[in-house]
There are 2 protein chains.
Amino acid sequence: MPGTTTRLADFLPYRLAITSNAVSGVIASEYGDRFGLRVPEWRVMAVLGDAGRLTQRQLVRATLMDKVAVNRACKQLEERGMLARSPNAADGRSHHLALTDDGVSIHAQIWPQAFDTTERIFSCLSEAEREMLRRTLDKVFEAVADREARQSENDEA
Amino acid sequence: MPGTTTRLADFLPYRLAITSNAVSGVIASEYGDRFGLRVPEWRVMAVLGDAGRLTQRQLVRATLMDKVAVNRACKQLEERGMLARSPNAADGRSHHLALTDDGVSIHAQIWPQAFDTTERIFSCLSEAEREMLRRTLDKVFEAVADREARQSENDEA
DNA sequence: TGGGTTTCGTTTCCCATGAAACGAAGCGTC
DNA sequence: GACGCTTCGTTTCATGGGAAACGAAACCCA
């Protein structure tokens, strides 16, 4: 959008938001089309595929999603037979969640696909640039997380 | 979250999303509290404050928001007396939208506030890092935008 | 052992968002 | 100037997602 130099366009949080949005859009449509998964489900699958079996609480921590979102995603995946629950002997309130064979096989297809897509999206960046983006985002995220942690400490007091 | 090294956590689009989300959250709550504005309204105000008067269509272009979102934001701002419509002689379907005196005065308070907040959030980065981040995000955004432009060309064919 | 508190998962409710359908005005062409 | 086609804005509808309320299980401590 040449010629558009409002202050909003220069505003870093705004740029972050629209870029993230654009990227998410591409990714979501890709694996929405191929696997019928939406973002939350995809994230749960991704984590479970790596971690083996987890409770919903653990999934919340790993995905940083809301517990309701995790719950819904799990329900979806269970209905589609990609995920199964087994009793948790250590805690009767929760279950162990793990991918079924079908789930594992989908998971095995997802990563190459995801890798491929991100490769295409971020091919405009050098490896060094990507690494620096990763680090920078991390710094910012940590800063905000710390900030909020300190906030809630204050709330308690 | 030490020890959490799933592949999802290393996935760049994921990091982008959670970081953007975290930042947006801080900003939104800040000017939600002080001015009773939500993101879309804030963006519209920001652009109008810079540009003088625009139609909704122009606002869509400038903010990259959906036309429905722009419409709703304008309606809100109008109800609160921050924005006024005047007839558009050149095109009877649309109106010129501009900030009222109240709107202008809010706008004048918003930017210092916004600047301050982002300063706090991004204080963990050096000036060079911020510039780098800006450029990198821009590259990625452009890449995706181009990609989608090419997509829709193909759709037409 | 029993009452109070916390935690996990689930349900319910509400709001924000975007897609699609729509009227109204402009544009172009004949 | 009448007809279709496009564009602007608005409304309606469906969906996603989070906050809050809830039941059930676990924990705690006397």
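- Using a 4.0 Å cut-off between charged nitrogen and carboxylate oxygen, A:E30 and B:R147 count as a salt-bridge pair.
- Partners of A:K67 under the salt bridge (charged side-chain N to carboxylate O under 4.0 Å, His left out) rule, at least two apart in sequence or in another chain, do not exist in this structure.
- A:Y14 and B:F115 are members of different hydrophobic clusters when ILVMFWY side chains are connected at heavy-atom separations under 4.5 Å.
- Taken residue by residue, residues 71-98 of chain B places heavy atoms nearer than 4.0 Å to DNA chain C at B:R72, B:D91, B:G92, B:R93.
- For B:K75, there are no side-chain hydrogen bond (donor to acceptor under 3.5 Å, both in side chains) partners at least two apart in sequence or on another chain.
- Between B:Q58 atom CD and D:dT7 atom P there is a gap of 16 Å when expressed in whole angstrom units.
- Ion pair A:K139/B:E129 flagged as a salt bridge, since at least one NZ, NE, NH1 or NH2 atom sits closer than 4.0 Å to an Asp/Glu carboxylate oxygen.
- Here the side chain of A:R43 pairs no donor or acceptor atom with the backbone of B:L8 at under 3.5 angstrom.
- There is a side-chain donor-acceptor pair under 3.5 Å between B:R80 and B:Q76.
- The side-chain hydrogen bond (donor to acceptor under 3.5 Å, both in side chains) search around A:H96 returns A:R53, A:N88, not counting sequence neighbours.
- Across residues 17-26 of chain B, not one residue has a non-hydrogen atom less than 4.0 Å from an atom of DNA chain C.
- The span of DNA chain C lying next to chain B, judged by atoms under 4.0 Å from heavy atoms, is bounded 5' to 3' by C:dA16 to C:dG26.
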Derivation of the side chain to side chain contact (heavy atoms under 4.5 Å, CB included) call for B:Q113 and B:F35 = CA-CA 11 Å; B:Q113 168 80 37; B:F35 303 103; 4.1 Å; yes

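- No donor-acceptor distance shorter than 3.5 angstrom exists from the side chain of B:S20 to the backbone of B:L16, with no hydrogens or angles considered.
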